[in-house]
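A, B, ... follow the sequence lines: proteins, then strands. Residue 1 opens every chain. Note that this is a predicted model, so its numbers are computed, not measured.
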Amino acid sequence: MQQFTDSIRAALARHTGLAAEELKIESPRDASMGDLAFPCFVLAKALKQAPPKIAAELAAKLSAELEGIEAVATGPYVNFRIERALLGSTIVGDVLRQGADYGASALGAGKTVVIDLSSPNIGKPMSVGHLRSTVIGAAIQRILDAQGYRTVGINHIGDWGIQFGKLVAAVDRWGDTVDVEGDTVRALLELYVRFHDEAEQDPTLEEQAARNFQELERGEEGHVRESWRRLTELTLAEFQKIYDRLHVGFDQIRGEAYYEPYLGPTIERIEAAGVTEMSEGAEIVDLGEDMPPCLLRKSDGTTLYATRDLAAVFHRWEQFEFERCLYVVGSDQKLHFRQLKAVLARMGLAWEPRVEHVAFGMMRLPEGKMSSRKGRVVFLEDVLDTARDEALKIIREKNPELANAEAIAEQVGVGAVVFNDLKRERIKDIEFVWSEVVSFEGDTGPYAQYTHARLASIGRKAREAGEGAGAPDWTALEGADGVLLALGRFPDVLRSAGEHAEPSEVTSWVLGLCREVNGWYTNHRVLGQEPGVTAARLALVEAARLTIGRALGLLGVAAPEEM
RNA sequence: GCGCCCGUAGCUCAGUUGGAUAGAGUGCUUGCCUCCGAAGCAAGAGGUCACAGGUUCGAAUCCUGUCGGGCGCACCA
């Protein structure tokens, strides 16, 4: 596809005197008008002519010199129509030649992108809210990987803070009433809630918690640290089961505790930049009128979240000299990241713009905001299980002979949940509605998986029948324009999705491709045609299957051959 | 109160970074399984792009204001 836009751009540049990069080539609103379009408004001022006149003149000149591309003026637009057989052979050829690499590029060669994703808290359950950071971050990482970036996915575990003093105190008192070893997360949640309930009557609890955390901060290798370490390990092991189901891995798993030794030097570094001051007994960086100051050290001398994040970002810069450092964190923390960046800016660090908060909308329940304290949460594990069970039910009904039904139900169910989370623009809030999450029809992951399975099935049948050999007759792809153009757009979609850190660009594109493919093959039979016709259509089927599978893979959704 | 984000079909969302007659899914009403998998396809109805101004050849898109919703606002993370 790129070759067509390139040659059109080059020809336009020759005739208009504008630089090729300035010429915006877009798609016509109505596909019947052409494959590509150039609006002539930009030239009107310079040439002092009406856009329709410019379009007519350009069309005449370009038609003559572009091989295989017809240029027609429609009002103020020049519309380009690529010769059908050429379009088909070029795009299908590109896809099949590049195979699983189609859409990949070397855009990011030699550049590193650090991605902070998932980042659950020890002692709290992984809710459907954490799902967002995990699947959005992982999709962004895969999309950037495909463009040649070196990516470093970091799971920044919340394993520090006063709540661990509370947790250790609670386990010490009531640990034997719950199953900490076997069902860690639920047990710790129960203890945490109990701690807060009983602390209202018993002030010694808060005192104990504070002593515990102080011991932890001192770095003392005693009972508290031992207990903290054990709870962390048990929780992480439980989280790992979910990461396995989501097929998400990390290059680094680091708790906030990792940065403890760096906190002192971090504060010294900020002090050395001359931007710190004391205010109400706390050490702060003043950030002007626009936002509250950033607190580095509380009046009792201990550090805060922001201090640890600053330590982490310095550490990451020194380790990687990243091109971008992406924080896939909910939009409720926007102010925090604005402050973080403002501190870096005040320090005069040139790399500050490379730090980006990739914010995403909040997951809300119909009855209100989620709250683990009020028991108003949906556990991710339950969601995945329910979706898997629902998928299995449908498989038993629609495809009872399917081998490995359980394994495929897992792929479909988890795929539905993941895809649903990546479907809309990430900044938008989501209301969690069960019926939407376990829906497998329309704009859903299973719809894309189904399309993939159908295409795979046609390919299988062709191999069994020994069809598809011989020279393709590319004119047999008439009516497949929508599929071809969608396939041709894929590399651009990936680039844009990476640039914007926006996986939804890939989901909505792949749904569009699937819609085109489904429409096409219900009207154009592949098998049992003239050999040239079957060969061409089969090649398109294979190209579409590969690309859909590839796109789903980047999103973290499995693409089964049968379902 | 202040700041940031969101507002497009009954509902959930796209809308090619300012371009042509605003599109999907879902729900509703229909039609299609002797024909490569009906988790599918096709058709119909459904819109003052929250509202009011402004910027220009052109605005759902940019600016200002209003309304509605979400999130946040120094010693939690």
Side-chain angles (χ1 to χ4, degrees), chain A residues 24-30 33 37 39 41-42 44-45 50-51 74-77 79 119 121 124 158 160-163 256 279-284 290-300 302-306 308-309 330-336 338-339 359 361-362 364 369 391 394-395 397-399 412 416 423-425 427-431 433 435-436 439-444 446-451 453-462 465 467 489 492-493 496 500 504-505 508-509 511-512 514-515 518-528 537-538 541 562-563:
Chain A
K24 207 173 98 190
I25 305 291
E26 49 192 48
S27 308
R29 180 158 296 289
D30 187 340
M33 294 190 285
F41 305 98
V42 281
K45 264 197 186 128
T74 315
Y77 292 83
N79 287 321
S119 309
N121 295 317
K124 286 191 186 162
W160 207 248
I162 183 69
Q163 73 268 28
E256 291 179 84
S279 170
E280 297 171 32
E283 184 166 13
I284 66 162
D290 295 346
M291 55 188 121
C294 177
L295 267 82
L296 299 177
R297 213 191 274 280
K298 297 196 281 189
S299 43
D300 69 0
T302 57
T303 60
L304 293 106
Y305 178 47
R308 295 191 279 276
D309 253 2
S331 62
D332 54 345
Q333 292 192 42
K334 271 191 139 168
L335 178 59
H336 168 71
R338 273 182 62 218
Q339 289 177 303
M362 299 288 95
R364 254 175 307 104
K369 201 180 173 183
I394 295 174
I395 288 171
E397 176 192 320
K398 299 190 187 233
N399 197 358
V412 173
K423 200 160 73 173
R424 50 219 122 204
E425 231 184 330
I427 195 64
K428 294 209 156 107
D429 288 349
I430 299 185
E431 189 176 85
V433 180
S435 63
E436 280 175 24
S439 159
F440 300 156
E441 286 167 24
D443 282 352
T444 64
Y447 171 75
Q449 292 175 315
Y450 177 76
T451 308
R454 289 282 306 269
L455 295 171
S457 166
I458 294 173
R460 266 195 314 273
K461 290 203 158 63
E467 290 195 57
R489 232 179 290 126
D492 268 347
V493 170
S496 174
H500 300 142
S504 72
E505 293 184 21
S508 51
W509 168 83
L511 286 172
C514 289
R515 217 174 296 125
N518 274 306
W520 173 72
Y521 70 49
T522 47
N523 292 317
H524 301 271
R525 208 180 154 74
V526 176
L527 302 178
R537 291 183 179 167
L538 205 52
V541 163
E562 291 179 81
M563 63 188 270

Atom CZ of A:R364 and atom P of B:G69 are separated, to the nearest Å, by 12 Å

Main-chain N/O of A:D443 paired to A:K423 side chain as donor or acceptor, under 3.5 Å: yes

Distance check, P atoms only: B:A24 and B:A43, in whole angstrom units. 9 Å

Does A:R424 reach a base, just sugar-phosphate, or nothing at all? Heavy atoms under 4.0 Å. sugar-phosphate

For B:C13, is chi within 90° of 0 (syn) or not (anti)? anti

Want to settle it: does A:T74 or A:I430 sit nearer the 5' end of RNA chain B, counting the closest nucleotide to each? A:I430

Could you give the distance separating B:U61 and B:A50 at their C1' atoms, to the nearest angstrom? 15 Å

Can you tell me the distance, in whole Å, between the CH2 atom of A:W520 and the C1' atom of B:C36? 10 Å

Pick the C1' atom in B:A52 and in B:A45, then give their distance to the nearest Å. 32 Å

What one-letter contact string describes nucleotides 37-44 of chain B from 5' to 3', where B marks a base within less than 4.0 Å of any protein heavy atom, S marks contact via sugar-phosphate atoms alone, and - marks no contact? BSBSS---

Quick check on B:A50: syn or anti? Syn means the glycosidic torsion is within 90 degrees of zero. anti

Tell me the interatomic distance from A:D429, atom CG, to B:U12, atom C1', rounded to whole angstroms. 14 Å

Suppose you measure atom P in B:C28 against the same atom in B:G10; what distance do you get, rounded to whole Å? 16 Å

Classify A:P28 by what it touches in the nucleic acid, base, sugar-phosphate, or nothing, heavy-atom distance under 4.0 Å. base

Approximate separation, where rounding is to 0.5 Å, of A:M33 CE and A:S27 OG: 10.5 Å

Can you tell me if A:S496 uses its side chain to pair, donor with acceptor, with the backbone of A:D492 under 3.5 Å? no

Looking at every strand, decide which applies to A:N79 at a 4.0 Å heavy-atom threshold: base, sugar-phosphate, or nothing. base

Any sub-3.5 Å donor-acceptor pair from A:E467's side-chain atoms to A:G528's backbone N or O? yes

Between NZ of A:K369 and CG of A:D332, what distance do you get to the nearest 0.5 Å? 6.0 Å

Sub-3.5 Å donor-acceptor pair from the side chain of A:Q339 to the main-chain atoms of A:P292, do we have one? yes

What is the separation between atom CD on A:E505 and atom C1' on B:A24, rounded to the nearest whole Å? 17 Å

According to ring-ring contact (aromatic ring centres under 6.0 Å, His included), who are the partners of A:Y305, at least two apart in sequence or on a separate chain? A:H336

Which residues pass the side-chain hydrogen bond (donor to acceptor under 3.5 Å, both in side chains) test with A:R454, not counting sequence neighbours? A:Y450

Please name all residues satisfying side-chain hydrogen bond (donor to acceptor under 3.5 Å, both in side chains) with A:N399, sequence neighbours left out, ordered by chain then number. none

Please report the distance, rounded to the nearest Å, between CG in A:D443 and C1' in B:C11. 14 Å

Quick test: give all pairs of protein nitrogen or oxygen and nucleotides 4-8 of chain B nitrogen or oxygen below 3.5 Å, distance rounded to 0.1 Å.
unit_1 : atom_1 : unit_2 : atom_2 : d
B:C4   : O2'    : A:K334 : NZ     : 3.4

Between atom CE in A:M291 and atom P in B:G3, what is the gap in whole Å? 14 Å

C1' spacing across the pair B:C62 / B:U55, given as an integer number of angstrom: 8 Å

Just the dot-bracket of RNA chain B, please: which string comes out with Watson-Crick or G-U pairs under 3.5 Å, [ ] for crossing, | for another strand? (((((((..((((.....[...)))).(((((.......))))).....(((((..]....))))))))))))....

4.5 Å side-chain heavy-atom contact, A:Y521 and A:R537: no

How long is the straight-line distance from SG of A:C294 back to CG of A:L304, given to the nearest 0.5 Å? 8.5 Å

Sorted by chain and residue number, the side-chain hydrogen bond (donor to acceptor under 3.5 Å, both in side chains) partners of A:S119 (sequence neighbours excluded) come out as A:D116

Sequence-distant partners of A:N523, side-chain hydrogen bond (donor to acceptor under 3.5 Å, both in side chains), two or more places apart: none

Contact class for A:K24 (heavy atom, under 4.0 Å): base, sugar-phosphate, or nothing? sugar-phosphate

When the P atoms of B:G7 and B:A14 are compared, how many Å lie between them, rounded to an integer? 8 Å

Using a 4.0 Å heavy-atom cut-off across all strands, classify A:M33 as base, sugar-phosphate, or nothing. base

Between B:C51 and B:A60, how many Å separate the two C1' atoms, rounded to a whole number? 14 Å

According to salt bridge (Lys or Arg N to Asp or Glu O under 4.0 Å), who are the partners of A:D309, at least two apart in sequence or on a separate chain? none

Test your reading of the model: is there a side-chain donor-acceptor pair from A:D429 to the backbone of A:M362, 3.5 Å cut-off? yes

With A:P293 via side-chain contact (heavy atoms from CB on, under 4.5 Å) - residues at least two apart: A:I284

Go along nucleotides 72-77 of chain B 5' to 3' and tag each nucleotide: B for a protein heavy atom under 4.0 Å from its base, S when only backbone or sugar atoms are that close, - otherwise. SSBBSB

Contact list (N/O, under 3.5 angstrom) for nucleotides 46-48 of chain B vs protein:
none

Could you give me the CA-CA distance, side-chain angles and deciding distance for A:D290 and A:R338, then say whether side chain to side chain contact (heavy atoms under 4.5 Å, CB included) is met? CA-CA 10 Å; A:D290 295 346; A:R338 273 182 62 218; 4.1 Å; yes

Between B:G70 and B:U30, how far apart are the two C1' atoms, rounded to whole Å? 40 Å

Least distance between heavy atoms, A:F440 atom then A:A416 atom: CE2-CB, 3.5 Å

